[in-house]
Asks: 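Could you have a look at this structure, given as C-alpha cells, before my questions?
Labels below follow one simple rule: chain letters A, B, ... track the order of the sequence lines, proteins then strands, and each chain is numbered from 1.
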Amino acid sequence: MAKNLLIVESPAKAKTIEGYLGKDFLVKSSYGHIRDLVKTDDAIDTSNNFTQRYEVPAEKKAVVSELKKLAKAAETVWLASDEDREGEAISWHLYETLGLDDEKTKRIVFHEITKPAILRAIETPRGIDFNLVNAQQARRVLDRLVGFELSPVLWKKVKPSLSAGRVQSVAVRLIVDREREINRFTAEAAFRVVAIFHTDNPKELFKAELPKRFTDVAEAERFLTDCIPARFAINSLETKPSKRSPAAPFTTSTLQQEASRKLGFSVARTMTVAQRLYEAGRITYMRTDSVNLSDTALQGAEQEIRSAYGDKYHKRRQYRTKSAGAQEAHEAIRPTYFDQHTIGGDNAERRLYELIWKRAIASQMSEAEFEKTTAKIGVSTREEELVANGEVMRFDGFLKVYFESTDDDDEHEPNLDNDTGNALLPPLTKGQQVQLKRMSATERFSRPPARYTEASLVKKLEELGIGRPSTYAPTISTIQNRGYVVKESRDGKPREYRIVELVGGTMSSLVKTEITGAEKSKLFPTDIGVVVNDFLVEHFNGIVDFNFTARVEKEFDEIAQGMKEWTAMLHSFYGPFHQEVETTTKHADRATNERELGEEPGTGKRVSVRIGRFGPMVQIGATDDEEKPRYASLRPGQMIETITFEEALDLFKLPKKVGEFEGKEMTVAVGRFGPYIRHDNAFFSLPKGLDPLDVTTESAIEIIREKRQKDKEKIIKIFEENADARIENGRWGPFIRFGKQNVKIPKGTEVNDITYEDVVKWAAEDEKKPKKKARGKK
DNA sequence: CAGTGAGCGAGCTTCCGCTTGACTT
C-alpha cells in the first residue's frame, strides 16, 4: 500500500499527476463534490444559525467508501482539490467525511499540472482555509434558500414545477428584456452615399463614402444632382501605421463563443467535445475563467512559433482577466503539446482542437501591422467631402494563424458593391483630380439590438459575474427545459428600400426588397417565461437585479478574507428576503398576462389571450356563457404580449376547407411543422411564404400535384439505381419498400431529400427496435 | 398524428456548483 494518498477533483488530472510522482504516491479523484445539502426542505435550520444537514448522495457512495479505505491505509493524505472557494470546500468535506486526522492530513494547491509545480506544492503544504470554506457555505446556503423559497411561490402563484434561482432567473430576465427592447424598436431610415472613383487610369478603381447620411430622399437626390457637374479632387491624404493584437487564450466562455460563431456548436456541444479532448490528454482543463498560461506553456508556444514561423513572429505575452468574479484556479484552455498542430479523433474533436491550438499559439505571437490610408475627396459643388479608406498589411504577425470573429460577422448589410471599403487604394496624390464612375444613395435602416444566442448570453452572464464556467452550459439548458426560453430560427419579413443612382451623368431611382428580422438559432422568451419574469421583477426585484450576484460575491470575498462572519451575512440577507416571500405568498395576486384584445365583429363576444392548460391560447366568448367559448392555440412565434386582434381572429379561420380534389376534401391547417394541406390522409406542406389563408382550390391542387410529381421522380430514381429499394405511396403517405422490409420515413423528412444511404440506415434502425406488442383498447 | 381548453381530492415539483457516468428501453 502506498504511503501517500493524494486526492484531486478530476480523474483525468489524477492520471497525469500519478505519472509525475513516484511509487510512494497513489493519486485518486473525488469526482467533484462528494457531499451536498440534503434534498429536502429541512436542509438548513434558519432559526438556528443556518445549521446545515449534509449527505453523501447515492451516486457518490462508492467513491467515498473507496477513498475512506485508502485513506485509512495511507500514512499521509494530501488534499489537492482546486484552489478556489469550491475546491477548499471539497477538501473540507473530504476531511470530514473520510474522518481524517489533523496530523496525517495536508492541504496543497497548484494551478498548473506540471511536475515542478506539483513538487513545489508538496513541499509547501498548509491547513484547510476555513474562511474560504465558510464563504462557500454562505454561497451554497444562499442559493438553496433563494431557490427553495422562491420556487414554491411560483408554484402557488403561477404554475406547479416552475423554478427560480439567483442565476437562471437573471438569465431569463436578460432575454425577456431584450425581446421587449426589440419590440419597442422602430427602425430609422437614412440614405448612405457611396461612390466609385477612378484615376486617369480607368482600371484604378476605389470606393469612397460620405461620412454623413441623409434622412430624406430629397436631400440625397439633391446631393447626387449636385455631383453631376462637379469636379472631384483629393483634398487630403493621410497614411498612418496601425497595429492589431491577438486575443487572450480561451477561457470556457470565450471558447463557447468562438466555437458557436466559427463551428456552429451549441455551448453544450462545445463542452462535451472539449471534455473528450481533455480526457484524451489533448488540452488542459476546459472549465476555467483564467487567461493565464504556465511557464512551461509559454516556453512550448515560443519554441513552436520560432520553429514553425520564425523568430519575428514570437512575442511573449501575459494576459490579465477582465471578468470581476474570476477565481483562476486553472490555466487558460490550451493544447497540452504545442507541437501538435492537428490531432486525430472525430471531425468535431479535430476542429475544436484546431481552434484551441490556433488561439493559444496566436496569443503568443507578434502584432499584425497595417498601414491605413485615408483620402478625403472634395466635391466642387458641395461643402461635404467623401472619404476613402485603404488598408495594407505590412506584417501578418498572429493573423498568420488566427482571426478572431465578432458577433456581427454574419450581419453584413447588403450594399451596392458588397466589398469592405478597406481594400487597397491606388497611388494618389494631394490635389489630384479623380473621375466619378458611379454614385448611389441607398436607404439603410437602423438595427434593433441583437437577440441573444446561447454563446452571447454566456458572455453577458460572465460580464455580470453571474454563474461559473461549470454552470454556463447547464444554465442555458435549464431555462430551455423549464420552458422559459426557446432556441429557434424564424423567418424574416420583406422590406422595401429605395436607391438613387447616378451613372454616366444620369440619375435613376429604384425600389428593392430585402429580408429583415430573420433569425437563426436565437433565444426567444416564451409566454410562461415572460409571466414568471414579470412576477419576480415585481415582487423580488432585489434577487433578479443584475447586480445582486456582484453584491453578494463581494460579501463572500469578505468572508473568505476573514473580515466578515458568514452567518451574520446570511442573517442580514435572509431576514428581509423571507419577509418578502411571506407577504407575497399571502397577498400577491395570481400572476397572469391575460390581455383583452377587443370584441368579435358580429357577435360582440370578448376576445382575450392568456396561458391555458395547453399553452398560450385565444378565447372568444366568456367561460360562463350558455354557448361554449371557442379556443385556438397561438402559433410558433406568436406571443400573448404582441399578438394583434387581427392575428388572433385569423387563428379561427383554420383549419379551413378549400374544396375537393379527386372526390376527396382538401383542408388547410397549421401543424407543428408549419402550414399544410390535408388530402385523403396525406399531408402536403405549403411552400414557404404562402399564407395558409390565401390557399385557393386551384393552388391547393397545384401543390398536391407538384408534390406527387416530385415524389414520383424520386421513386423512379431510387428504383432505377437500386433494385431493392423503392418509395411507394401507401394509405398514410409514402413509405419505403426495402427488399422485404417496409421502412418508415422519419417525421419531418422531405421525400425528395431521401438518399439510398438514408434508407439503409433507417432499415437498420427499424430492425434494432423491439417489436411493439399489440395493445388492447382501453 | 393534424388538436384539445380546469377548478374539492394526494403528493410532487425547486437552487448552484464541483465532477463524470450509463441497469437497458
Side-chain angles (χ1 to χ4, degrees), chain A residues 8-14 29-37 39-41 43-44 57 59-60 62-63 81-82 84-91 93-94 136 139-156 159-169 271-272 275-276 278-279 285-287 327 329 466-475 478 482 543 549 552 610-621 623 628-633 654-655 667-679 681-685 732-733 747 768-770 772:
Chain A
V8 292
E9 291 178 35
S10 147
K13 207 190 225 183
S29 156
S30 72
Y31 293 80
H33 274 294
I34 50 144
R35 229 171 39 157
D36 193 14
L37 293 171
K39 288 174 191 65
T40 44
D41 287 340
I44 298 154
E59 67 271 19
K60 285 288 163 65
V63 179
S81 49
D82 296 346
D84 59 12
R85 209 161 61 198
E86 298 297 326
E88 203 67 24
I90 287 174
S91 278
H93 281 302
L94 283 167
Q136 192 274 346
R139 199 281 304 156
R140 180 69 190 91
V141 168
L142 181 134
D143 280 336
R144 169 57 70 86
L145 290 172
V146 169
F148 274 40
E149 295 212 5
L150 231 40
S151 299
V153 181
L154 296 179
W155 305 343
K156 212 168 164 180
K159 203 176 115 172
S161 302
L162 295 175
S163 67
R166 176 176 59 84
V167 173
Q168 59 167 288
S169 297
M271 294 314 282
T272 49
Q275 176 85 31
R276 289 207 298 269
Y278 169 64
E279 284 170 9
Y285 197 57
M286 64 280 156
R287 288 185 277 263
Q327 310 207 357
I466 298 172
R468 305 277 313 131
S470 70
T471 60
Y472 294 137
T475 300
T478 300
R482 294 263 174 275
I543 306 295
T549 291
V552 292
R610 67 186 160 96
I611 298 179
R613 190 143 142 48
F614 303 103
M617 61 154 184
V618 186
Q619 178 175 344
I620 300 183
T623 313
K628 266 194 169 180
R630 285 132 63 214
Y631 302 96
S633 292
L654 293 174
T667 315
V668 181
V670 177
R672 271 193 302 139
F673 308 117
Y676 63 94
I677 298 165
R678 187 172 189 205
H679 174 257
N681 259 337
F683 298 88
F684 304 87
S685 302
W732 296 285
K747 274 182 190 174
K768 260 193 265 167
K769 278 180 198 160
K772 268 189 190 166

Asks: Quick check: do A/Arg287 and A/Asp82 have side-chain heavy atoms less than 4.5 Å from each other?
Replies: no

Asks: When the distance from CZ of A/Arg630 to P of B/dG3 is rounded to whole Å, what number comes out?
Replies: 16 Å

Asks: Could you summarise the pairing of DNA chain B as dot-bracket text, marking Watson-Crick and G-U pairs under 3.5 Å with ( ) or [ ] inside the strand and | across strands?
Replies: .........................

Asks: Do A/Phe684 and A/His679 have side-chain heavy atoms sitting under 4.5 Å apart?
Replies: yes

Asks: What's the spacing between A/Ile44 CD1 and A/Leu145 CG if we round to 0.5 Å?
Replies: 4.0 Å

Asks: Counting distance only, does the side-chain N/O of A/Lys13 pair as donor-acceptor with the main-chain N or O of A/Tyr285 below 3.5 Å?
Replies: no

Asks: Find the distance between OG (A/Ser81) and CD1 (A/Ile34) and round it off to the nearest 0.5 Å.
Replies: 10.0 Å

Asks: At under 4.0 Å between heavy atoms, what does A/Pro11 touch on the DNA or RNA strands: base, sugar-phosphate, or nothing?
Replies: sugar-phosphate

Asks: Does the side chain of A/Arg630 come within less than 4.5 Å of A/Gln619's, by heavy atoms?
Replies: no

Asks: Between A/Ser30 and B/dT19, is there a contact of a side-chain N or O with OP1 or OP2 at under 4.0 Å?
Replies: no

Asks: To the nearest Å, how far apart are A/His93 NE2 and B/dT19 P?
Replies: 15 Å

Asks: Do any N or O atoms from the side chain of A/Ser685 and from the backbone of A/Tyr676 form a donor-acceptor pair under 3.5 angstrom?
Replies: no

Asks: NA contact type, A/Ser81, heavy-atom cut-off 4.0 Å: base, sugar-phosphate, or nothing?
Replies: nothing

Asks: Could you run through nucleotides 13-18 of chain B and give me one letter per nucleotide, 5' to 3': B if any protein heavy atom sits under 4.0 Å from the base, S if only the sugar-phosphate is that close, - if neither?
Replies: BBBBBB

Asks: Quick one: does A/Ser633's side chain have a donor or acceptor within less than 3.5 Å of a partner on A/Met617's backbone?
Replies: no

Asks: Pick out the pairs of N or O atoms, protein on one side and nucleotides 6-10 of chain B on the other, that lie under 3.5 Å.
Replies:
none

Asks: Got A/Val167 and A/Thr471 here, is their nearest side-chain heavy-atom distance under 4.5 Å?
Replies: no

Asks: Can you find a side chain N or O atom of A/Gln619 that sits less than 4.0 Å from OP1 or OP2 on B/dG5?
Replies: no

Asks: Picking from A/Arg140, A/Arg468, A/Arg139, what satisfies salt bridge (Lys or Arg N to Asp or Glu O under 4.0 Å) with A/Glu86?
Replies: A/Arg139

Asks: Nearest 0.5 angstrom please: A/Ser10 OG to A/Glu279 CD, how far?
Replies: 7.5 Å

Asks: Between the base of B/dG3 and the side chain of A/Ser633, is one N or O donor paired with an acceptor at under 3.5 angstrom?
Replies: no

Asks: Please work out if A/Ala632 contacts a base, only the sugar-phosphate, or nothing of the nucleic acid, heavy-atom cut-off 4.0 Å.
Replies: base

